[in-house]
Participant: 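Have a look at this one before I ask anything.
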Number of protein chains: 2
Amino acid sequence: MDDDASIRKVLRFALEKAEFSVIEAENGEVALTLFHSADFIVLDVMMPKMDGIKTCAKIREHSAIPILFLSSQDDEFDRIQGLEIGGDDYLTKPFSPRELVARVKAIFRRTADHQLESTPPDGSEGTIKYGKLALDLKGVIATWDSQVVTITRSEFEILERFIGSPDRAFRRNELMRGQVVSDRTIDSHIGHLRKKFAEVDAVVIDTVHGIGYRLSSCQ
Amino acid sequence: MDDDASIRKVLRFALEKAEFSVIEAENGEVALTLFHSADFIVLDVMMPKMDGIKTCAKIREHSAIPILFLSSQDDEFDRIQGLEIGGDDYLTKPFSPRELVARVKAIFRRTADHQLESTPPDGSEGTIKYGKLALDLKGVIATWDSQVVTITRSEFEILERFIGSPDRAFRRNELMRGQVVSDRTIDSHIGHLRKKFAEVDAVVIDTVHGIGYRLSSCQ
DNA sequence: TTTATATTCTGCAATATTTAGCCAATTTTG
DNA sequence: CAAAATTGGCTAAATATTGCAGAATATAAA
């Protein structure tokens with residue numbers, strides 16, 4: 001999904017050699033109609049019709065599909081901005097096709113890891129743990145150091161999003177399954193979570209000023 | 001991009017043999033209009049219309065594209081100066097075409113290495129390291145020798161810019177995503193960074209008088 | 001329907017960050 | 001060495017971001 005046909009050709013070749021199947025879209029509008037059938041997306045920051053950033057935002061309203069951004073060095077665009085917007089990784093032109101493939105594989109490894117984590121082999125099915133925090137996905141119960149913390153469904157979903165990428169800072173609109181709510185609303189949920197966990201002397205969420213929030217170390 | 005047509009011919013031959021594609025510009029002004037489509041640039045220090053140094057500065061206002069300088073021995077221009085100004089490498093005439101090609105390849109290897117470094121095989125994806133300095137891009141956390149240093153977003157972005165080209169001196173206006181702010185503002189950010197890193201006995205930024213700043217050796 | 005609970009939003013106060021002016025200290029230049 | 005240019009650190013104002021207390025709305029339970 002790059003505006004420059006020749007780059008697309010190179011990408012297609014490299015990805016197909018790595019046994020991915022590739023669909024192309026020459027601009028953001030087309031991309032939006034196709035992304036449902038894809039496993040991941042490579043977006044050029046600069047695209048005709050709709051730029052990569054807008055396209056990413058649109059996609060993120062509906063889906064958490066992995067997105068990798070491409071940009072030229074002179075695009076005045078950097079990793080932070082890319083991540084803020086909801087990208088999973090970011091690559092600057094020029095890059096080697098080999099590196100692109102490596103990045104894509106890394107994204108898959110990462111998301112695959114998560115999915116495995118939720119059904120680990122040791123019988124503790126359906127619970128995800130990170131430090132003292134544990135989320136029971138079936139019972140929708142959160143515990144801290146084995147003590148139950150009663151939270152609502154939205155609050156649980158926010159924690160679920162966090163625990164899926166425990167080291168990552170999320171922007172607000174990434175935290176609620178792409179539902180469009182005001183930033184203050186998210187703050188509100190975060191506030192409630194903090195208050196509830198404070199009752200068991202736990203700090204679960206750090207704020208990342210200018211970006212959003214991040215799961216704390218949970219120790 | 002050399003003023004002397006015969007040298008250009010030799011360079012073109014050597015580079016094309018090494019499977020690079022070459023665009024020529026007979027002076028700095030022309031070079032400025034062409035550099036967008038290039039992967040790297042070879043600049044002669046002495047060029048008609050606009051000298052190599054000025055051209056490099058102009059290019060550096062927009063791009064971090066690799067630049068290699070050529071100079072004659074009697075140009076009163078030395079390696080240090082070339083690198084400080086924003087060059088990535090520097091070659092004195094006379095030189096063998098083979099050496100030029102080797103240098104160019106080295107530049108590519110270096111920049112590629114960097115990019116790879118950000119997805120190392122050990123699972124610590126999304127962090128860039130240089131010496132004791134590490135930037136966790138996803139978490140937006142800076143560490144020195146594994147100690148967390150709390151910095152703001154702009155400060156983080158400045159470090160990110162630095163670590164992308166750790167040997168290069170940057171002009172102030174290159175450091176903040178092209179945002180137009182006064183030079184004093186940059187100084188201020190740099191000052192804050194220095195103070196914060198001083199608390200863990202670290203020196204992260206050197207000043208390059210008359211140019212701007214550069215990442216320190218980070219040892 | 002009524003009641004309770006959960007969710008979202010609004011507006012404002014509290015914080016944190018960014019910016020720029022000032023001037024002394026430092027470095028470079030002539 | 002003196003003059004000019006540049007930088008560092010301080011300050012304070014301007015901006016931007018976040019936290020929080022209701023209030024309004026939606027949803028579920030009784």
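Residue numbering restarts at 1 for every chain, and letters A, B, ... go by the order of the sequence lines.
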Participant: Nearest 0.5 Å please: distance from the CZ atom of B:R172 over to the CG atom of B:L175.
Facilitator: 9.0 Å

Participant: The side chain of A:V181 lies closest to which of these nucleotides: C:dC9, C:dA20, D:dG8?
Facilitator: C:dC9

Participant: As a test of understanding, state which of A:L215, A:L133, A:I128 forms a side chain to side chain contact (heavy atoms under 4.5 Å, CB included) with A:P166.
Facilitator: A:L215

Participant: For DNA chain D, which residues of residues 190-198 of chain A approach it to below 4.0 angstrom with any heavy atom?
Facilitator: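 Contacts with DNA chain D under 4.0 Å: A:R194.
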
Participant: Report the residues that fulfil ring pair (Phe, Tyr, Trp, His ring centres under 6.0 Å) with B:F162, sequence neighbours left out, ordered by chain and then residue number.
Facilitator: B:F170

Participant: Take the protein atom CZ of B:R172 and the nucleotide atom C1' of C:dT18, then report the distance between them rounded to whole Å.
Facilitator: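 Atom-to-atom, B:R172 to C:dT18, this comes out as 17 Å.
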
Participant: Does B:S182 place a side-chain N or O at less than 4.0 Å from the phosphate oxygens OP1/OP2 of C:dA20?
Facilitator: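 Affirmative; the distance criterion is met.
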
Participant: Given atom CD1 of A:I211 and atom P of C:dT18, what is their separation to the nearest angstrom?
Facilitator: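 After rounding, the reported distance stands at 11 Å.
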
Participant: Atom CG of B:L137 and atom CD1 of B:I163: how far apart are they, to the nearest 0.5 Å?
Facilitator: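 Reported value, rounded in 0.5 Å steps: 8.5 Å.
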
Participant: Which whole-number value in Å describes the distance from A:E155 CD to D:dT27 C1'?
Facilitator: 15 Å

Participant: Rounded off to whole Å, could you give me the CZ-to-C1' distance for the A:R153 and C:dT5 pair?
Facilitator: 12 Å

Participant: Check this one for me: any side-chain N or O of A:T185 less than 4.0 Å away from OP1 or OP2 of C:dT7?
Facilitator: no

Participant: Nearest heavy atom decides the nucleotide; on that basis, is A:D183 or A:S188 closer to the 5' end of DNA chain D?
Facilitator: A:D183

Participant: Considering only C:dT7, C:dT17, C:dT19, which nucleotide approaches the side chain of B:T152 most closely?
Facilitator: C:dT17

Participant: In whole Å, what is the span from the CG atom of A:D206 to the P atom of D:dG19?
Facilitator: 11 Å

Participant: Under 3.5 Å, is there a donor-acceptor pair between the A:T185 and A:S182 side chains?
Facilitator: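 Indeed, the side chains of A:T185 and A:S182 share at least one donor-acceptor pair under 3.5 Å.
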
Participant: Send over the distance from B:H209 NE2 to D:dA4 P, rounded to a whole Å.
Facilitator: 15 Å

Participant: On the nucleotide C:dT8, are OP1 or OP2 found under 4.0 Å from the side-chain N or O atoms that A:H189 carries?
Facilitator: yes

Participant: Quick check for you: to the nearest 0.5 Å, what is the distance between B:R194 atom CZ and B:I205 atom CD1?
Facilitator: 6.0 Å

Participant: Can you tell me if the side-chain N/O atoms of B:Y213 get under 4.0 Å from OP1 or OP2 in D:dG8?
Facilitator: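 Checking B:Y213 against D:dG8: at least one side-chain N or O falls below 4.0 Å of OP1 or OP2.
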
Participant: Separation of B:R214 atom CZ from D:dT7 atom P, in whole Å?
Facilitator: 13 Å

Participant: Could you state the interatomic distance from CD (A:Q147) to NZ (A:K132), rounded to the nearest 0.5 Å?
Facilitator: 9.0 Å

Participant: Whole-Å distance between C:dT8 P and A:E157 CD?
Facilitator: 9 Å

